[in-house]
Structures are given as C-alpha cells and as structure tokens.
Amino acid sequence: MRIAEISSPELRPLQRETEANNRSLSHIEAIVKQLETLTADKPPPETTTYDLRQCVTQLSQLAPFANSLKLQIWKLSYRLWNACVDISNTTAIRSSSATTESQAELRHIAADLLSIAGEVAGVPSPAIKSASFYHKTGLIWHNLRKFDLAAKCFERATDLVSKLDINSIVDAGERKLLLDLNLARSRTAWEIRDPSLSVALLNRSKSFLFGSCEHYADLAKQFMAFGKRALLNSGADANREALKLMNEALETCEKGFDTARTREEKVEIRGLRWKTLRFIAAIHLQKEEYESVIKCVKVLRDSNDGGDEHPSLSVLAMKAWLGLGRHGEAERELRGMVIDRGIPEGVWVSAVEAYFAAAGTAGAETAKGVFLGLLGRCHVSAGAAVRVAHRVAGGGGEGGRVRAKVVAELVSDERVVALFAGQDTAKDRVAMHAVLWNCGADNFQIKDYETSAELFEKSMLYIAHDTENRILRAKGYRVLCLCHLGLLQLDRAQEYINEAGKLEPNVVCAFLKFKIYLQKNDHQGAIDQIEAMTTCLDFQPDFLSLSAHEAVACHALPVAVASLSSMLNFYASGKSMPTAEVTVVRTLLTVLSQEPGNEQQVIKFLKHAHTRASEIGPDFFFGKEDAGRRERNWFATTSWNYGTKTGQDKNYELSAEFLKLASDFYALVEGSDDENNVMVCKSLVLSVSSMIALEFERKTPMSETEVKQALHLLDRAGQMLKSNMARSSVNNDQSNTIEPELFFIYTFCAYDIQGRLNDPGSQFLNVRNFASSKACKPHHLLQIGLSASQAPRLNHEVASFALNECLSSFLSSPVPDYPNVALVMRKLISMASVYKGDTDDDLVYGMYRQAYRIMVGLKEDEYPIEEGKWLAMTAWNRAAVPVKLGQIEAGKKWMTVGLDIAKHVPGMEAYKACMEEVLGNLNKEP
C-alpha cells in the first residue's frame, strides 16, 4: 500500500501545502538556475519576470513557512540577486532601458522573496538585509524615473526597519542604511512633487545622524541639493524656500563640524559650509538683498581657518556693490581679479559682463582695462575676448558711440588680435568678426558713418587672408566704401571699392563706383559705369533702375537718361524685367521734361513708345483697363503739350512731329470716342499747320513726300470733321463739336495743300463747305479771300467767293465792321479790275455804286476816310480814258459816282468843288 493511501485525512491538507511550496520553490530554483547560466549573448526569456512573479504570488499565499523553508527562500533570493548582478555586469556596455527595467523587476522579486520569508533563525539582522534589498532596488527604479515603484520599495524598507530599536544598532553600515533610506525616500518624494513630505523626511533624517560627520555631510548635501532645485523656479516663494533649505544645510554643516574628528572630515565639512554660504549669498543677490550678500562674503573671507578663496566671491561682492550703487568698491573687486591668477576665465569674463551691464557706458573703459590687464597675467582665450567685446558693444541707445569706440580700441590691440592666430580659433575669429560687423551695421543704420567705418575696418583684422575669405574681405571693402560715401570722403571710398573690385569684381562694385562718380559730378564717368554694369556676369536690370533713382536724386539728369535708355534695350529681347516698359519710358520722358532743350530726345522716346505699342500691342505695352487708359492718355497729353509749346516757340518742325504723334496716341485711348476724335482731329490739323508754317520759315517749298503726307493727315481730319458735324446736327449735341477755329484752320490748310496739287475745284469746294457751316465767321472768309487773292496760292474764283460771302456777312451784322467792309470792297474792285479789265466795266461800276450805297447814311468817320478817298479818286480817274476816247457819257458815269462818293468823305471839300466844276463844264459842252 502506498503512503498516500495509509495517511490519515488530517495530514492530507498539510501534504498538499508542502507539495505546493515545493513546486513553487522548484519552479523558482529552475528559473534562477537558468538566469545563472545566461551569458551576454543570450538574454533571459521575456517570460522570466512574469513566471517568477507568479511563483512569488503563489508562495506568498502559503506563508508562514517552516524555518528550513524560509532558509531555502533566502538562499534563492540571494542567488537571484547575485544572478542579476552578474547579468548587469556582463550587459552594462550595451544595456537598454527595457533590459534595465527587467533587471530592476528581478531585483524587486528578490527583495519580495526576503520579505515573504521573514526572519530566519541563524541569519543576523534579517530586517536590515531585507530593507537593504528594497533600498537598492528603489534606487534603480528612481534612476529609471519609475518613481511610484521606487517609493513603494522605500516605503516597504521603511516598514521593515521601523520596528527596530535604533539605539540597539551599532553597525556603521546599518546606521548608514537608515539615513540613506530616508534620504532616498525624500528624493523620490521631491520628484513626485511632494516637497512637504520631502522636507519632513529630511528633518526626520536628523534622528539617524548618530554623531557621524559623514552623516551630517550627506544630510547637508541633500538640503543643499533641494535648495538648488528650488532656485530653478522663479518667484519670491521659490527664493524663500531655497533660502530656508540652504539655512538648514548651513546649520547641519555647523553641527557636523563639531562632530568632525579627523582633518579630512573638517576640510570636507568646512568646504561644504563655505559652498552653502556662497549659495546663500547668491540667493540674497537674486532677492536684491545686497547687504546680506556683503555679510556672507565677509564671513567667508574672514574665517579663522584661512577664509574661502573661491573665485565666485569677487563676482558676488562686485554685483552686490553694484546693486548698492557703490561702483568704486565694485571696480576694486573687478580689478582684484586681475591680480588673482587662480580665477578661471569664465568667472572673470562673467564678472566683466556683469560690471559693464550695471555700470553701462561709464564702465566700458574699466571693462577694457581689466581685460587688457588680464592678458598679461593669465591665459585668455579668444572666446573670452569675443564675450567681452560682445558685452561692451551690445545694445544700442545712449552711449552706443562711446561703447563702439572702446570696442574698436580693444579689438585692435595687438595682444587681442594675437589671441585669434591659428586654425584652432577659426570659429572665435568668425564670432568676433560677426560682433564687430553687427555693431558697425547698427551704427550705420543710425547714420553714424564715422563709427561704423571704424568698426568695419577693425572687423577686417579678423578675416583670414586666404582664398576662402576673398568674398568676405571684398564685402568688407564694399561696406567701407558705403561708409565713406556717407561721409563724403570720395577718394577713400574709391580706394576701398577698387580693392573690392580686385577681390570680387561684380555688379555691386560697378554700382558703387557709379555712385562715387555721381557724387563727384563726373557725369561721363557715371555713364561709363552704367555700361560696365551691363557687362557684369551677375548683372540684374534692377541696378539700372536704382542708378536712375540715384541720378535723379543728384540732379544728374543726363545720367538718369542714360540709365533708363540702357534699361529700355533689354525689353526688345524679351528678358524678364522688374518694371513695365511703359513705366520706364514715362519716367524717362518726365526726367527729360525737367530741363529745356530736350525736345529732340523727347520725340525720340515718344516715337519709341508708339513703335513698341505697335509691335507688341497697346494692351501689352500700356496695360489694360483703367491703368492702360491712363498711360495712353498721359502719352497723348505729353505729345500734345510739347506740340503746342514748340509751335508757340516757332519750332514748327518739332511741333508737326509732336502733334502727329499726339494724334496717334489719342487714337489709341479707349473710352470717350467723341472727345478723343476731337483731339485726334486737332492734332492732325495743327500738325499740317506747323508743316506749312515751317515752309514759310525756311522759305523753301515742301517736298512732294511732305505734301502727300500733309494731304493724308488732312484727309483723316476731314473725315472726322464730317463725322462730328453730322453727329452734332442729328443729336443736336454741342458738347464735343469741333471748334470753329479748328474748322477754319483745316479749311485754310486744305486750301493751301490742294493748291500745291493744282486742284482748284477741291479748293473751291472746301471753302464753299466751310462758308455754309455754322463754324464759319466773316473774318475767317476774309482771311481765306485775302490769301486766295495773292500768290503763291492765287485762286480768283475762291477769292471772289470768299470776299463776297465775307462782305455779305459783315453787312448783315447788326454792327457792321466798316473797316473790313472797306478792305473787302477795295480788294474786290482791285481783283475785278485785274481779272475783268475793261471787258466787264459794268461789274466794276456796280461795285463802286455798292460802296456808295453803303456809305450813304453813315456817320462821319464811320467809314474809313482813306478808303473813301481811294474810292472817290479811283472812280474819278477811271473817267479819264473814256473822255479821251470821246466816250463822254461813259466818262460822266465814272465822274458822277466819284463825286457822289466824295460828298460822303470828310476832307474832300476842295476835291469835290473841283469835281463839280469839271463835271459842270463837261455837261455844258454840246
């Protein structure tokens, strides 16, 4: 029979429990063995931690255990812990976060195994050992920032040791564990943002010092660490909390110093005390409690054991004196650093920066002196020189020029320049150049060209003379050229730009040379530079536009014209341009219009505009919609204004061309067609008028080509006149009716041009049409009649028609113009006498009788006396030939009309008596 079968029922649960324990322990042991055999190339299985945790959970449900079983559990725990240590050592080089967490979890399981087993007979201080496992595991979780697990471990360890009698613990290691456990728990509480608990744990740690200087030092360090962490936060509360913690650290240090036994312990705790005092001074400085800072520094320096010589004390004291406004004491502290060779570079550079920041411009010279003094006493790096230069030069505002001067003096010192020699300082050299360049640029912006020139010049000291820095050196020369241009030091500006051109010839150099020539009023030199700019490889049309603006600002109009003209050459090639072509032409014409005598160039560019508009289309050249309409109207108006002006100046050749262009531009204007047609018509007619006037001025006849051109222009104008007049008569709209003077000028010019073509019929037709129009006035017909009655455009038919129509108009007026009536009568009689002669004596006689009838009833002197005398005398004299020929009756007819006229002419009384006597004698003869 098997043992199980003969066992009593009471023993069966115990047997089952034992079997479960054995199974769990066997499983744990198997896993531990597996972990013990692992190597660096063979990590533990991912399920190891889970399986162990399951076993531990099952095992915890079966507690309490027999002592032998407890001992077995302890052994397994230690084996598991040691296996974790071995694995950690072999994988430390390439461990990842996941691996480290797995190790922490295994250690946590090992600690839990000890906790489950509890106290074991034969094992000294089991609670301390178990707490140690939890403490070490908690530190690992803390480092992994798993603060909840870390706190759990620390709290479990605290529970284990809380049951012990502290006074009974005499082992130094165990005592140290108690303190370390509280400090670790305090750090974790701080990380989970529970500062109250953290500080409370630190205060509780005071119970675990056991009179050990080392323990006091550790606690003081922790107070100090929390104080520094508190300083990271801003605000008065953070400073107050930091100061409280630092004071706790200081008090702990002072108590710890009393417990120190060895020299090393005293040195350590004294150093910690001094460090704490420096932090307290820094906190007071941050709180602007400057008196407290000075007290702390004095305590540190006046210590009985030699005093603290930390470099930061001079900085703290200097800043405190500056805060109190005592710049003399602050300067002494700063200059004291020069004597102390042990002060690190970063410390005195920071001090120089702080002193200058507080003292401002007044401290610039001191900062420079301190820096140069340090050069002779200790090693100064190029980076320190950059920091000092940046601090002194930095910031604008009042005193900027003084600071810039100090910086220039500092960086030009041979000792400072020597710091930047060699390849190792290449980055610092670039940084120093940037500091000086930026400072120079700031002064350039406020137009302090003298200071900026000095800084840019000093920045050249920090550019290496090699091929790689050619472009940077050229840039420096160019900006120096700009500075001296601003100072009107043109020769120096030219020297710098010539140097820049040697290093990097480009369009910017050419443009700056252009500016120099402009300033020197060397217009030809400036124009030559415009040509040079266009040949540069990096040329952009923007430079021509900029050159034109510069030239206009300098009132160098020929240079502006040359620049804009050169710019126009690029449009025909189809190159993308920054400005519309029409804008360039308009600007060019505006510039030309500012000085007299540029009419030839104006007409040249007006023709260019018209040609380009014809080539690419008006919409592409002038633009579309309102903008395009304004541009067209501007060009048309400009042409018209120049045409009328040159006409008034009797420059008829240019006037004709301007007006012809005006007609072409007005024809392109969209919008009010009637108004534009009127302007087109005006321009055409006046253009022909100028051509005719030019002929009279030159006294040379028009060429055949010119005559044909004039005729073409008049044909266009005539069509518009007819269209306008027809529209006005139909719509009864007089708003855009052709002006009477324009119709007259058209008729007069058409008569002149048609006469050159020997077309009298067309001449008569034009004059007759004009005479029948509403635009016709008597004086217009008089002028046409007088012109037609004499060479070189003699036309008797037109002259007679015009003068007769004119006479009728004068006589039909309510207030007749008798001087002109007399002029017309004389002209008609003279023409009839020349062309009719004796063949039509009655016609001439009728004219005299008509003149007599006009004079009858007029007031004295109303009809011109001289004209009346001329009529009376010429009529009387016409009787001479018929009388000599014996034609007495014909003679009497002329004598009678002469006498009748003389009766109405004042001043002819003597002539009249003689005439009556001669005529009476003639009547007495048979």
Side-chain angles (χ1 to χ4, degrees), residues 497 501 505-519 521-595 597-624 627-628 630-632 634-636 638-639 642 654 657-658 660-662 664-665 668:
I497 200 59
N506 57 18
V507 68
V508 177
C509 289
F511 176 73
L512 290 176
K513 290 179 183 178
F514 166 83
K515 284 177 66 71
I516 293 170
Y517 283 120
L518 270 184
Q519 294 290 339
N521 288 323
D522 185 354
H523 291 180
Q524 187 56 49
I527 292 172
D528 292 341
Q529 284 305 127
I530 291 173
E531 294 299 321
M533 274 190 273
T534 59
T535 60
C536 292
L537 296 177
D538 58 342
F539 167 75
Q540 293 293 331
D542 291 332
F543 282 97
L544 292 177
S545 177
L546 189 58
S547 299
H549 284 293
E550 292 283 343
V552 171
C554 294
H555 301 288
L557 300 187
V559 181
V561 171
S563 179
L564 293 169
S565 301
S566 181
M567 195 172 179
L568 285 178
N569 296 332
F570 292 92
Y571 287 93
S573 63
K575 185 175 182 179
S576 177
M577 300 293 284
T579 308
E581 185 175 7
V582 66
T583 304
V584 176
V585 179
R586 173 164 42 78
T587 305
L588 186 51
L589 292 171
T590 303
V591 171
L592 287 170
S593 66
Q594 293 181 18
E595 289 185 350
N598 292 326
E599 288 80 6
Q600 288 287 356
Q601 286 187 289
V602 170
I603 200 165
K604 170 187 171 183
F605 291 109
L606 283 171
K607 287 181 177 179
H608 172 85
H610 187 263
T611 301
R612 290 289 293 159
S614 302
E615 289 174 354
I616 64 176
D619 287 346
F620 285 99
F621 183 79
F622 294 109
K624 299 179 181 179
R630 286 193 297 270
E631 292 287 0
R632 290 173 170 91
W634 188 90
F635 278 88
T638 300
S639 301
Y642 267 99
L654 287 177
E657 292 190 59
F658 277 122
K660 181 180 179 302
L661 280 171
D664 294 335
F665 284 122
L668 295 175

Any side-chain heavy-atom pair from [X] and [Y] closer than 4.5 angstrom?
{"X": "Leu544", "Y": "Leu564", "answer": "no"}
{"X": "Trp634", "Y": "Leu589", "answer": "yes"}
{"X": "Phe570", "Y": "Phe539", "answer": "yes"}
{"X": "Ile530", "Y": "Val559", "answer": "yes"}
{"X": "Glu657", "Y": "Lys607", "answer": "yes"}
{"X": "Leu606", "Y": "Ser639", "answer": "yes"}
{"X": "Ile527", "Y": "Phe514", "answer": "no"}
{"X": "Val582", "Y": "Tyr571", "answer": "no"}

Item to complete: Output, in order, the C-alpha distance, side-chain angles, deciding distance and verdict of side chain to side chain contact (heavy atoms under 4.5 Å, CB included) for His608 and Glu581.
Response: CA-CA 11 Å; His608 172 85; Glu581 185 175 7; 3.3 Å; yes
Could you tell me which non-hydrogen atom of [X] sits nearest to which non-hydrogen atom of [Y], and how far apart they are?
{"X": "Asn598", "Y": "Leu592", "result": "ND2-O, 3.0 Å"}
{"X": "Gln529", "Y": "Ala510", "result": "NE2-O, 3.4 Å"}
{"X": "Cys509", "Y": "Ile497", "result": "O-CG1, 3.7 Å"}
{"X": "Cys554", "Y": "Gln519", "result": "SG-NE2, 4.4 Å"}
{"X": "Ala572", "Y": "Arg612", "result": "CA-NH1, 4.0 Å"}
{"X": "Ser565", "Y": "Phe605", "result": "OG-CZ, 3.3 Å"}

- Query: Can you list the steps and then say if Leu568 with Leu588 is a side chain to side chain contact (heavy atoms under 4.5 Å, CB included)?
  - Reply: CA-CA 10 Å; Leu568 285 178; Leu588 186 51; 3.9 Å; yes
Across all chains, not counting sequence neighbours, the side chain to side chain contact (heavy atoms under 4.5 Å, CB included) partners of Gln540 are Phe543
Sidechain-backbone polar pair: [X] side chain, [Y] backbone, donor-acceptor under 3.5 Å:
{"X": "Ser566", "Y": "Ala562", "result": "no"}
{"X": "Ser593", "Y": "Thr590", "result": "yes"}
{"X": "Asp538", "Y": "Asn506", "result": "no"}

> Run the side chain to side chain contact (heavy atoms under 4.5 Å, CB included) check on Ser614 and Phe621 step by step: do they pass?
Replying inline: CA-CA 9 Å; Ser614 302; Phe621 183 79; over 6 Å; no
- Steps toward side chain to side chain contact (heavy atoms under 4.5 Å, CB included) verdict (Phe635, Leu668): CA-CA 10 Å; Phe635 278 88; Leu668 295 175; over 6 Å; no
Margin query: Ring centroids only, cut at 6.0 angstrom: are Phe658 and Phe665 within range, meaning strictly under it?
Written below: no
The salt bridge (Lys or Arg N to Asp or Glu O under 4.0 Å) partners of Glu550 (sequence neighbours excluded) come to Lys515
To the nearest 0.5 Å, what is the distance between [atom1] ([X]) and [atom2] ([Y])?
{"X": "Thr579", "Y": "Asp542", "atom1": "OG1", "atom2": "CG", "answer": "7.0 Å"}
{"X": "Leu518", "Y": "Ser547", "atom1": "CG", "atom2": "OG", "answer": "8.0 Å"}
{"X": "Glu631", "Y": "Lys624", "atom1": "CD", "atom2": "NZ", "answer": "15.0 Å"}
{"X": "His610", "Y": "Glu615", "atom1": "NE2", "atom2": "CD", "answer": "11.0 Å"}

ask   = Hey, mind stepping through Asp664 and Arg632 against salt bridge (Lys or Arg N to Asp or Glu O under 4.0 Å) and telling me if it holds?
value = CA-CA 10 Å; Asp664 294 335; Arg632 290 173 170 91; over 6 Å; no
